[in-house]
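So the structure is just underneath, and the comments pick up after that.
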Amino acid sequence: MSFKSGLKSGVVGVCLIAALPLAAHGQSLADALITTEATNPQLDSGRADAGIADEALQQARAAGRTSVNITASAGGQATDSNREIPAAFAGAGFNTEAGVANAAIEAARPIYTSGRVPAGIRSAKAGIEAADLGVEDLRQSIFFDVVAAYMDVIRDTEAVRIRKNNVDVLAEQFRAAQDRFDVGVVTRTDVKLSEARLEGARANEASAQAQLESSRANYGFLVGDRPGDLVSPAALGTPATLEDTLAIVLLDNPSLNAAKANERAVAEQVKV
């Protein structure tokens, strides 16, 4: 990764991946998150933007370093007096040529900046921390969407299975009603009611299949790969109380910590 402090804030996310069961067959939630981490273009863009903050630090440090300027110039002058005398005296003049070259090297180093350079360096470092935490905030947001998309596919896959099973059951009931009608046990109305229930079940199955395809497409957009046979993850633990949850948020929330880092960066700019 190109960010450092994001690793600290991402401990919970890493532990989440490690805690999820890896199945011998099928695609696990951990697999989906790892693939997202490696291929998601939004994360790549965020990391690239965070790298810009590293350059700001180098610029802040350069303000206190020695600078060297080198300049050079060269020129020449030629004089032909024959061009200025009458033709009768041609050849009596003279020609002169002169060359001039200059070079200079200047080195300068700040002796006293009243704290401007150190403050600029501290501001740049705080900016790097804020940028890294911004990447981590983006990462957690994308991971949340991936988890939701993963569970949506599992939910909709199960819904399609249930709807299909319902169609099979109602199709069998319709065939039975048709057989009973043929032998005079039930009326044609009973057969039509059974057929209507079957058609309604088929419509519900088609709707569930459409929802599943939508969820699969959303999963592919986030993860970068179409879902295969997804494995239901084990239940994950949560903090015991609301106070415990708030304590974790106030300590590790990347969005909040990025705001604090930005505040420090601006305070150091005021000193600059």
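This structure is a prediction, so every number in the text was calculated from the model and none was measured.
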Show your working on side chain to side chain contact (heavy atoms under 4.5 Å, CB included) between R116 and K271 and close with a plain yes or no. CA-CA 7 Å; R116 177 174 57 86; K271 296 178 182 179; over 6 Å; no
Evaluate the criterion side chain to side chain contact (heavy atoms under 4.5 Å, CB included) for residue pair I128 and L57; output intermediate values, then yes/no. CA-CA 8 Å; I128 290 175; L57 176 59; 3.7 Å; yes
Criterion side chain to side chain contact (heavy atoms under 4.5 Å, CB included) on Q42 and I142, from CA distance to verdict: CA-CA 9 Å; Q42 288 179 280; I142 292 175; 3.8 Å; yes
Worked verdict on R139 versus E37 for side chain to side chain contact (heavy atoms under 4.5 Å, CB included): CA-CA 8 Å; R139 177 174 176 266; E37 177 73 29; 2.7 Å; yes
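When side chains are defined from C-beta on, N204 does not count as touching N166, because their heavy atoms never get closer than 4.5 Å. Contact check for L230 versus T157: no side-chain heavy atoms found under the 4.5 Å cut-off. In this structure, the side chains of K260 and L256 come closer than 4.5 Å at one or more pairs of heavy atoms. Side-chain contact between P118 and T113 is present, with at least one heavy-atom pair separated by less than 4.5 Å. The shortest side-chain heavy-atom distance between Q140 and S255 does not fall under the 4.5 Å cut-off.
If you chain together hydrophobic residues whose side chains sit under 4.5 Å apart, V183 and F181 fall into the same group. Residue F221 is grouped with residue I154 when hydrophobic side chains (ILVMFWY) are merged at heavy-atom distances under 4.5 angstrom, including chains of intermediate members. V160 and L170 fall into different hydrophobic clusters, where Ile, Leu, Val, Met, Phe, Trp and Tyr residues are linked whenever their side-chain heavy atoms come under 4.5 Å apart, directly or through other members. Tracing side-chain contacts under 4.5 Å through hydrophobic residues (I, L, V, M, F, W, Y), one never reaches V272 starting from V117; they form parts of separate clusters.
Side-chain atoms of S123 do not come within 3.5 Å of backbone N or O of A119 as any donor-acceptor pair. Panel note: side chain N40, backbone L222; a donor-acceptor pair is recorded below 3.5 Å. Checked by atom type and distance alone, the side chain of T36 pairs as donor or acceptor with a backbone atom of A32 at under 3.5 Å. Looking at D252, its side chain never comes within 3.5 Å of a backbone N or O of V249 through a donor-acceptor pair. For S141 (side chain) and D137 (main-chain N/O), no donor-acceptor pair under 3.5 Å exists by modelled atom type. Proximity of a side-chain donor or acceptor of N257 to a complementary backbone N or O of L251 within less than 3.5 Å is detected. With S214 contributing its side chain and A210 its backbone, the two residues share no donor-acceptor pair below 3.5 Å. Remark: side-chain polar atoms of Y150 are paired, donor with acceptor, to backbone N or O of L29 under 3.5 angstrom.
Separating the CG atom in N165 from the CZ atom in R161 is a distance of 6.5 Å, to the nearest 0.5 Å. Atom CZ of R180 and atom CG of D182 lie 11.0 Å apart (nearest 0.5 Å). Atoms CG and CG, from D152 and D145 in turn, are 10.5 Å apart once rounded to the nearest 0.5 Å. Going from atom OG of S194 over to atom CZ of R175 covers 10.0 Å, rounded to the nearest 0.5 Å. With rounding to the nearest 0.5 Å, the separation of CD in Q59 from CD1 in I121 is 12.5 Å. Here the CZ atom belonging to R216 is positioned 8.5 Å from the CD atom belonging to Q209, to the nearest 0.5 angstrom.
With respect to the salt-bridge test (charged N to carboxylate O, under 4.0 angstrom), the residues D168 and K164 qualify. In summary, E205 and R202 do not engage in a salt bridge, as defined by a charged side-chain N under 4.0 Å from a carboxylate O. In this structure, K125 does not pair ionically with E268, as no charged nitrogen and carboxylate oxygen lie closer than 4.0 Å.
More than 12 heavy atoms of other shown residues, nucleotides or ligands fall within 6.0 angstrom of atom CG in L242. Around atom CD of E263, no more than 12 heavy atoms belonging to other residues, nucleotides or ligands sit under 6.0 Å away. Under a cut-off of 6.0 angstrom, the local environment of CZ in R226 is crowded, with over 12 non-hydrogen atoms contributed by other residues, nucleotides or ligands.
In this model, no donor atom of one side chain and acceptor atom of the other lie less than 3.5 Å apart for T35 and D225. With 3.5 Å as the limit, one finds a donor-acceptor pair spanning the side chains of S28 and D31. Under the 3.5 Å distance criterion, with hydrogens and angles disregarded, no donor-acceptor pair is assigned to the side chains of N218 and S215.
Taking both residues in full, the closest heavy atoms of A53 and G127 are given as CB-O, 4.1 Å, listed atom of the first, atom of the second, then distance. What you find for A177 and V186 is that their closest heavy atoms are O-CG2, 3.5 Å. Of all the heavy atoms in Q27 and P227, the pair that sits closest is OE1-CA, 3.9 Å. Annotation for V135 and G46: closest pair CG2-O, 3.3 Å, computed over non-hydrogen atoms. Nearest approach of A258 to L133, heavy atoms of both residues: N-CD1, 3.5 Å.
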